[in-house]
Number of protein chains: 2
Amino acid sequence: MGNRLNGFGDCSIEVERACPIELTLHIIGGKWKGVIINILSKKDTRFNELKRLIPGISQRMLTLQLRELEADGIVKRKVEETIPIKVGYSLTHQGESLTPIIQSMRMWGNDYISKNE
Amino acid sequence: MGNRLNGFGDCSIEVERACPIELTLHIIGGKWKGVIINILSKKDTRFNELKRLIPGISQRMLTLQLRELEADGIVKRKVEETIPIKVGYSLTHQGESLTPIIQSMRMWGNDYISKNE
DNA sequence: CTGTATCCTCACAGATACTG
DNA sequence: CAGTATCTGTGAGGATACAG
């Protein structure tokens, strides 16, 4: 499993019920993770396909974010041993269980935009 | 309204539907914002009360996070002109509309913990 | 095609002290 | 009680080059 939140175990009685929130936020809160999960929830996607679908992301960041999502059990990585090599990414079952939250956030964001623009 | 996401307008056709997700993540993704919103969703809370309920947060960070939430229209600030002065914080209507998402994240986080521990 | 390896910077956050 | 003012450090993230 991936990194724990700093001080995750330091939760006091008062805020202990808030910690799962911080944990979730930590797992999906990376700069590009929301987009990545959203894309993978629609279809399995290869590395370069992701790079193309997310303008502005660097190879380095795409790799790092995918590695973290993988370590946290959200994303599956499947290597096709062809030449050239192909790597497909998809959501794990746990990753798929995140999509309702992502979709809620998408709807809330759209609503927010229409109300504040 | 608060800061826009960097490059929020740079969304390509492919990912434009993902941008509201990034926006939402940006608004609630600050290090302490999830906890703050969660606490305020239960009851209006004063500054020092928040500080007490969130061990580990500094006065500086509490102020900054509250200011950002206020600028983004999530939190309301109400000054009681007593001596000593008292300042109450509460969720706006828009802030309250976030609580289902926060609660989903809390449930997902708890589920995640029980499955990965 | 799918990555590592470096180097760099700058915004975010911690610590501490001070104030109306 | 509810903040501001500094100073400082860390690490997330960007740019670029190289590699199997």
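Chain identifiers are assigned alphabetically (A, B, ...) following the order of the sequence lines, protein sequences preceding nucleic acid strands; residue numbering begins at 1 within each chain.
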Restricting to side-chain contact (heavy atoms from CB on, under 4.5 Å), what partner residues turn up for N48(B), sequence neighbours left out?
K51(B)
Would you say S90(A)'s side chain and G88(A)'s backbone share a donor-acceptor pair under 3.5 angstrom?
no
Please encode protein proximity along nucleotides 3-20 of chain D as a string of B, S and -, counting only heavy-atom distances under 4.0 Å.
BB-B------BBB-----
Results of side-chain contact (heavy atoms from CB on, under 4.5 Å) for R60(A) - residues two or more places apart only:
S58(A), L64(A)
Between D72(B) and I27(B), which heavy-atom pair has the shortest distance, and what is it?
OD2-CG1, 3.9 Å
Roughly how far, to the nearest 0.5 Å, is the CG atom of L91(A) from the NZ atom of K76(A)?
8.5 Å
Does S97(B) reach the side chain of W108(A), with side-chain heavy atoms less than 4.5 Å apart?
yes
Okay, side chain of E70(B), backbone of R67(B): is any donor-acceptor separation there less than 3.5 Å?
no
Can we say E22(A) and R106(B) salt-bridge, meaning some charged N sits less than 4.0 Å from an Asp/Glu carboxylate O?
no
Counterpart residues, side-chain contact (heavy atoms from CB on, under 4.5 Å), relative to S104(A) (two or more places apart):
I101(B)
Leading and trailing nucleotides of DNA chain C with any atom under 4.0 Å from heavy atoms of chain B
dA13(C) to dA15(C)
Can you give me the bend angle of the helix from dC1(C)-dG20(D) to dG20(C)-dC1(D)? Use the axis through the first five pairs and the one through the last five, nearest 10 degrees.
50°
Using a 3.5 Å distance criterion without hydrogens, assess whether the side chain of N116(B) forms a donor-acceptor pair with backbone atoms of Y112(B).
yes
